[in-house]
Amino acid sequence: MKRLLAFILALALSGCAQRKSDEGRVLIGVSLLNLSNEFIVMLHRAMETRAAELGVKLIVNDAQRSADRQVQQVETFIAQRVDAIILNPCEVEASSPAVEKAIAAGIPIINVNSETRAAPTAFVGSRDEESARLAMEYIARRLDGRGNVVMMHGFMGQAAQIKRDRGAKDTLAKFPGLKLIAEQSAEWDRAKAMSLMENWIQSLGAKINAVFAQNDEMAMGALLALEQAGLKDKVIVVGVDAISDALQAVKAGRLDATVFQDARGQGQGAVDLAVKIIRKEPFETQVYIPFQLVTRENADKYLN
Amino acid sequence: MKTWLSRFGLVVALLCIGAALSIVKPVFLTFPNLLNVVRQISINGILAVGVTYVLLTGGVDLSLGSVVALSGVVAAIFAHPGDWPVIVPVAAGVLVGAACGGINGLVVTKGRVAPFIVTLGMMTAARGVALVVSGGKPVSNLGESFRWIGSGGVPVIVFLAVSCVSWVLLSNLRLGRHLYAVGGNENAARASGINVEGVKLFAYTICGALAGLGGVVLAARITTGQPNAGVGYELDAIAAVVIGGTSLSGGVGGVGGTILGALLMGVINNGLDLLNVSSYYQAIVKGIIIVGAVWLDQRKEKS
């Protein structure tokens, strides 16, 4: 029985190994942070579309938020001798070994959307600080630079949380009339954000002029709590990511604004870069895709 | 009566924390805030009551959070405005939950696999099914009547109803006594003619059904079915049950304690938010209170 299993396994593995040379196609290994996240799903679709256009083949793995699993996936890509790897890192530190191993094996590796401590061959993404800056500047404009703001953090210690926090606080520092009266983590989660907002309505109530949520899920939770308390017309709510729920809410005039992170631009950019590197064409090592502020006026452009 | 007396320490702890909070933050003791607290605990409460059944038999259910996500997504699919009467999405969610629980129960009793492993498997598989069914994206655009289930005091009423029925069932009906007997000493229960497998199967199924109901209420409250919702909910629910004095080895405890446990967790959560305690410290405080509450409770029982 064991021998039979080993035989089947060997057959399957040799099949995998041969496929590349058989077809002679460019093969790119992709390890994604988490395919149950809407943004990552959009990123994935953009990559597949671009890969089909360019005639390259992707092997896509879901790391399910585990940096450890991600490193294993990259090790498998290296063993398969893929032509390039696209890494959508789970964590700054813990995903770094994946980058180091690929570089050591001489396989180009491109980080997409977020960074690792170890330097990859190239990076495609957006500056997360910028998303928070756009959101906070919008709040400052709406409040004429005076008022009380509360902020909902993502998972404490994740790169996006740290950077959006920094971007928001740097921007707040430029508006002495804006005060951050409370900040708390709702762990990127809509239900937790709703409870947090309900609690803030109790403790701070009419003092709150604006809510900045570090992602749209939390912004939607805050919005629901404010609507149920009948306070929405007095409080500005802004999120980040432009998920479809949030875009619809912006269009309907419920959510004030969100910040669009260009999943398509990042996904296409990553595949383009990988192909350029494989074909030994000149490439940029840092490609930044800009964020865009979405309000009721331009929401239609982003809804599809 | 005896179970209520043994929960006395927990009631005192709850009152002390409540009193301290009302002094530091008077807003704590207002009707809207207290309604907030009970509404916020109602989902965890529904799950905790469900898992009480399983813990009483000496088992465990780690799949609750994933089942919440799956049944929330399934309910949401049937809850688009004008599609079906509201009973259809509710029933779909509860039935999906009951099916997951039933599979858990069957594998535990017929397959004789440890509950920890079975429900760990279900935790992974149900999450996967939720992602497949929803295509990895939240299911939104839910009808008014469905969203009503998650608004105002409705989640609280659902939680109270679930608690009352379970309390009657566990403390007064024969089936309830059998649950305690199975958890207390499985062999003795079997020797006295109790259908041990049937009782366990019932416990897992009702636990799954209540997780399904929790998923329906959650989806209605946040107005979407989220495939990634409910992560870690099983541990919050188990924590509430254990704080409430139900033994992890089975046979001891009950729904009254579970309600108090859920309430204590909700009050602490609400209090820490009202006081604007930093997220880092919130996690530490919650951890200490979970262990501390159980430790105090056990000390008192020994003395």
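A note on names: the letters A, B, ... follow the listed sequences, proteins ahead of strands, and every chain is numbered from 1.
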- prompt: Quick one: of B/Asn228, B/Leu131, B/Val27, B/Asn36, who has the most non-hydrogen atom pairs under 4.5 Å with chain A?
  reply: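 Sorted descending by pairs with chain A, the first entry is B/Asn36.
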
- prompt: Which one of B/Val277, B/Asn269, B/Thr30, B/Ile43 has the most heavy-atom pairs closer than 4.5 Å to chain A?
  reply: B/Val277

Looking at [atom1] of [X] and [atom2] of [Y], how far apart are the two atoms once the value is rounded to the nearest 0.5 Å?
X: B/Thr224; Y: A/Met220; atom1: OG1; atom2: CE; value: 8.0 Å
X: B/Lys137; Y: A/Ser244; atom1: NZ; atom2: OG; value: 5.0 Å
X: B/Phe28; Y: A/Ser203; atom1: CZ; atom2: OG; value: 12.5 Å
X: B/Leu272; Y: A/Leu196; atom1: CG; atom2: CG; value: 11.5 Å
X: A/Ile201; Y: B/Asn33; atom1: CD1; atom2: CG; value: 11.0 Å

message: Side chains of B/Asn276 and A/Trp200, heavy atoms from C-beta outward: is any pair under 4.5 Å?
response: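 The answer is yes, as the side chains (C-beta and beyond) meet within the 4.5 Å cut-off.
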
- prompt: So, do A/Leu224 and B/Thr223 sit near enough that their side-chain heavy atoms are less than 4.5 Å apart?
  reply: yes

Side chain, backbone, both or neither: which part of [X] has a non-hydrogen atom closer than 4.5 Å to chain B?
X: A/Glu217; result: side chain
X: A/Ile181; result: backbone
X: A/Gln184; result: both

message: Could you walk me through whether B/Gln40 and A/Asn199 satisfy the side chain to side chain contact (heavy atoms under 4.5 Å, CB included) test, starting with their C-alpha distance in whole Å, then the side-chain angles of each, then the deciding distance to 0.1 Å, before giving a yes or no?
response: CA-CA 10 Å; B/Gln40 288 171 8; A/Asn199 291 342; 3.2 Å; yes

query: How about A/Arg69: does its CZ atom have over 12 heavy atoms from other parts shown lying under 6.0 Å from it?
result: yes

query: Should we count NZ of A/Lys251 as having more than 12 external heavy atoms under 6.0 Å?
result: no

field: Salt-bridge criterion met for A/Glu198 and B/Arg221 (N-O under 4.0 Å)
entry: yes

- line: Taking every heavy atom of A/Ala191 against every heavy atom of B/Leu218, the minimum-distance pair comes out as CB-CD1, 3.7 Å

task: Grab the two heavy atoms, one from A/Val41 and one from B/Gly136, that are nearest each other, plus how far apart they are.
output: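 Scanning both residues completely, I find the closest heavy atoms to be CG2-O, 4.2 Å.
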
statement: Bottom line for B/Tyr233: the part with an atom under 4.5 Å from chain A's heavy atoms is side chain

message: Quick check on B/Arg39 against chain A: is it the side chain, the backbone, both or neither that has a heavy atom closer than 4.5 Å?
response: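 For B/Arg39, the contact with chain A is made by the side chain alone.
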
message: I'd like to know which of A/Glu187, A/His153, A/Met194, A/Arg190 tops the heavy-atom pair count under 4.5 Å against chain B.
response: A/Arg190

query: Under the 3.5 angstrom rule, does the side chain of A/Ser185 hit a backbone N or O of B/Ser279 as a donor-acceptor pair?
result: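 Side chain of A/Ser185 to backbone of B/Ser279, a donor-acceptor pair under 3.5 Å: no, none is there.
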
